[in-house]
Chemist: 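Attaching a single structure in structure tokens format; questions to follow.
Just so we're on the same page: letters track the sequence lines, and every chain starts at 1.
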2 protein chains.
Amino acid sequence: MADAGIARAGRTRRRTRIQEANEERILDAALEVFSTYGLRGATVDQIAAVAGMTKPNLLYYFRRKDDIYLAVLQRTLDMWLTPLEALSAAGDPMTEITAYVDRKLEMSRDNPKASRLFAMEVMQGAPVIDAVLKGRLKALVDEKAAVIAGWIKAGRLQPVDPHHLIFMIWATTQHYADFDVQVRAVLGGVARESLHFERARATLDQVFLKGIKGPV
Amino acid sequence: MADAGIARAGRTRRRTRIQEANEERILDAALEVFSTYGLRGATVDQIAAVAGMTKPNLLYYFRRKDDIYLAVLQRTLDMWLTPLEALSAAGDPMTEITAYVDRKLEMSRDNPKASRLFAMEVMQGAPVIDAVLKGRLKALVDEKAAVIAGWIKAGRLQPVDPHHLIFMIWATTQHYADFDVQVRAVLGGVARESLHFERARATLDQVFLKGIKGPV
DNA sequence: AGTTTTCCTGACCAATTGGTCAAGGGAAAA
DNA sequence: TTTTCCCTTGACCAATTGGTCAGGAAAACT
């Protein structure tokens, strides 16, 4: 996979500040464009325009469209998986899960483009990160599902299918990023940003909490 | 908007069986392609190939790419809104909501392409159905949210924000269509189709049921 | 049957797309 | 200051894209 940019001939050189700055500008622009139009719908010209540079200049840093796409996916991947990794068997089940929901929701609010990028990739059949889904992601989910299963076995949580519970959390939280336009359209001018986020959080917390809280 | 196909000159003629059949083939193919790549990422050649006809032939029925897109969106819209319309104030709250969840989940299973088509459209900023979202959809959601609010006021349901509850239901059910690839990847070969659908249904029903069931 | 209308296709076109390249302008090491 | 690389660009290219058109093949009407 190399170093993202500068896969050009000759040995690997030190990274210039210009290089560093431009690659970041490009990746930011690429996130913007790819997260809206997907790999196929996005054009290099468009990314270059958003990044404020000429197309050949952009292609100097990333030789092919696919390279940019790959780089921006990888860049966002870790950030996206972090919240689930933080779910700890040691903590109190309800606290842990609520915290996970809240963290994920915050990510959707603060980084909606990352959410949409993955959504686009997956909806197009995950041509690039398919292996990651089946490998790293599956392993992580299986691990945390086991943690939840442990809580259930210990009688600290209602018996629910852990995998599908995780799917529910993903779906509900990412919905606010992926379908942002629809959410706004339906809520109308009524709800101001922060307010509608707070309501979402309250609703999710409440339903999940009551929905899976341990035996009365 | 006209008659979808044959907006060609002259007065509107009767629809041939050939016409009817071909338009359906085209719309099926268009659903397949647009739901995967979105408006911009899809190509007319590709749709024609899936429909099993030449590009000029396809363009004989729909003169522009946008026309096909619009037609396939409209064709799917009603079907997509039906489940929510069926939610009735007259019924028992929990029964109604569970039934809605189940219906939506079945739609995701039986017509995942429709789900992905709308997801794509919305994620790309809803350039085509923006007005529908703010008009018809908002009106429908507001109406049903009022129904739910009524149940809450009557003490038959835990107090939750009705709009966000509806979002939760959309998100969780459509997730199985939109992120199908991811779901399969994470569940691995373990779960066979029908089995994993049944588990999803059970999990959603349970969490929503316990999550919002009226005061004990 | 013959005539009219619909259907279908190969050839074609302009615009856009991903990508290359030679050569000039700058930054930084010597 | 000089030299060496790094950076940037306009011009260019082949392939793909959305879309047109003239004319032949097949239906449909009479």
Chemist: Suppose we screen for ring pair (Phe, Tyr, Trp, His ring centres under 6.0 Å). Which residues come up paired with B:Phe167, at least two apart in sequence or across chains?
Modeler: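 Applying ring pair (Phe, Tyr, Trp, His ring centres under 6.0 Å) to B:Phe167 gives A:His175, B:His164, B:Trp170.
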Chemist: Can you tell me how far P of C:dG19 sits from CZ of A:Phe62, to the nearest Å?
Modeler: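 Checked: the CZ to P distance equals 14 Å.
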Chemist: What integer distance in Å separates A:Glu23:CD from D:dT8:P?
Modeler: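 Result: 11 Å.
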Chemist: Please check: side-chain N/O of A:Ser108 versus main-chain N/O of A:Thr173, any donor-acceptor pairing under 3.5 Å?
Modeler: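 Yes, the answer is positive, given that a donor and an acceptor are paired below the 3.5 Å cut-off.
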Chemist: Report yes if the side chains of B:Thr98 and B:Leu204 come closer than 4.5 Å at any heavy-atom pair, otherwise no.
Modeler: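 A side-chain contact under 4.5 Å is absent here.
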Chemist: Would you confirm whether B:Thr82, through its side chain, and B:Asp78, through its main-chain N or O, come within 3.5 Å as a donor-acceptor pair?
Modeler: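 Side chain of B:Thr82 to backbone of B:Asp78, a donor-acceptor pair under 3.5 Å: yes, one is there.
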Chemist: After noting the C-alpha distance and the side-chain angles of B:Arg17 and B:Glu20, does the key distance pass the salt bridge (charged side-chain N to carboxylate O under 4.0 Å, His left out) rule?
Modeler: CA-CA 5 Å; B:Arg17 52 283 275 296; B:Glu20 202 124 8; over 6 Å; no
Chemist: Please answer whether the main-chain N or O of A:Ile169 pairs with a side-chain N or O of A:Lys104 as donor and acceptor at a distance below 3.5 Å.
Modeler: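 No: the side chain of A:Lys104 does not pair with the backbone of A:Ile169.
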Chemist: State whether A:Arg109 and A:Glu106 are salt-bridged, where the test is any N-O pair (Lys NZ or Arg NE/NH1/NH2 against Asp/Glu carboxylate O) under 4.0 Å.
Modeler: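 Here A:Arg109 does not pair with A:Glu106 in a salt bridge, since their nearest N and O are not under 4.0 Å apart.
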Chemist: What is the distance from CD of A:Gln46 to P of C:dT17, rounded to the nearest Å?
Modeler: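 Taking CD of A:Gln46 and P of C:dT17, I get 8 Å after rounding.
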Chemist: Once you round it to whole Å, what is the distance between P of C:dT20 and CG of A:Asp67?
Modeler: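 Answer to the nearest Å: 10 Å.
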Chemist: Side-chain N or O of B:Arg64 less than 4.0 angstrom from OP1 or OP2 on D:dT20?
Modeler: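 Indeed, a polar side-chain atom of B:Arg64 lies that close.
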Chemist: Rounded to the nearest angstrom, tell me the gap between atom CG in B:Leu59 and atom P in C:dC13.
Modeler: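 Checked: the CG to P distance equals 18 Å.
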Chemist: Measure the distance from CD on B:Gln19 to P on D:dA26 and round it to the nearest whole Å.
Modeler: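 It works out to 19 Å between those atoms.
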Chemist: With sequence neighbours excluded, tell me which residues meet ring pair (Phe, Tyr, Trp, His ring centres under 6.0 Å) with B:Tyr37.
Modeler: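 B:Tyr37: no ring pair (Phe, Tyr, Trp, His ring centres under 6.0 Å) contacts found.
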Chemist: Could you tell me how far apart B:Arg17 (CZ) and D:dA26 (P) are, to the nearest whole angstrom?
Modeler: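 To the nearest whole Å, that distance equals 17 Å.
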Chemist: Would you mind classifying the nucleic acid contact of B:Arg40 as base, sugar-phosphate or nothing, using non-hydrogen atoms under 4.0 angstrom?
Modeler: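 Nothing, no nucleic acid heavy atom in range.
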Chemist: Show me the side-chain donor-acceptor pairs of residues 42-58 of chain A shorter than 3.5 Å, one per line, residues at least two apart or across chains.
Modeler:
unit_1: A:Thr43; atom_1: OG1; unit_2: A:Gln46; atom_2: N; d: 3.0
unit_1: A:Gln46; atom_1: OE1; unit_2: B:Arg40; atom_2: NH2; d: 2.9
unit_1: A:Thr54; atom_1: OG1; unit_2: A:Asn57; atom_2: N; d: 3.4

Chemist: For residues A:Phe197 and A:Leu105, determine if any side-chain heavy atom of one lies less than 4.5 Å from a side-chain heavy atom of the other.
Modeler: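 Result yes, sub-4.5 Å side-chain heavy-atom pair found.
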Chemist: Distances under 3.5 Å between protein N/O atoms and the N/O atoms of nucleotides 8-10 of chain C, please, pair by pair.
Modeler:
unit_1: C:dC8; atom_1: OP2; unit_2: B:Asn22; atom_2: ND2; d: 2.7
unit_1: C:dC8; atom_1: OP2; unit_2: B:Asn57; atom_2: OD1; d: 3.4
unit_1: C:dC8; atom_1: OP2; unit_2: B:Tyr61; atom_2: OH; d: 2.6
unit_1: C:dC8; atom_1: O5'; unit_2: B:Asn57; atom_2: ND2; d: 3.4
unit_1: C:dT9; atom_1: OP2; unit_2: B:Thr54; atom_2: OG1; d: 3.2
unit_1: C:dT9; atom_1: OP2; unit_2: B:Asn57; atom_2: ND2; d: 3.4

Chemist: So does A:Leu133 get a backbone contact from the side chain of B:Gln182, meaning a donor-acceptor N/O pair under 3.5 Å?
Modeler: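 A pair under 3.5 Å: no.
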Chemist: Do any side-chain nitrogens or oxygens of B:Thr16 fall under 4.0 Å of OP1 or OP2 in D:dA28?
Modeler: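 For D:dA28, OP1/OP2 do not have a side-chain N/O of B:Thr16 under 4.0 Å.
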Chemist: Is there a side-chain contact between B:Tyr69 and B:Leu73 (heavy atoms, below 4.5 Å)?
Modeler: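 They are in side-chain contact.
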Chemist: Give each protein N/O atom lying under 3.5 Å from an N/O atom of nucleotides 14-16 of chain C, with the pair distance.
Modeler:
none

Chemist: What is the distance, to the nearest angstrom, from the CG atom on B:Asp45 to the P atom on D:dG19?
Modeler: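 For the pair B:Asp45 CG and D:dG19 P, the rounded distance is 11 Å.
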Chemist: NA contact type, B:Ala42, heavy-atom cut-off 4.0 Å: base, sugar-phosphate, or nothing?
Modeler: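 Result for B:Ala42 = sugar-phosphate.
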Chemist: Enumerate all atom pairs, one protein N or O and one N or O from nucleotides 22-24 of chain D, separated by less than 3.5 Å.
Modeler:
none

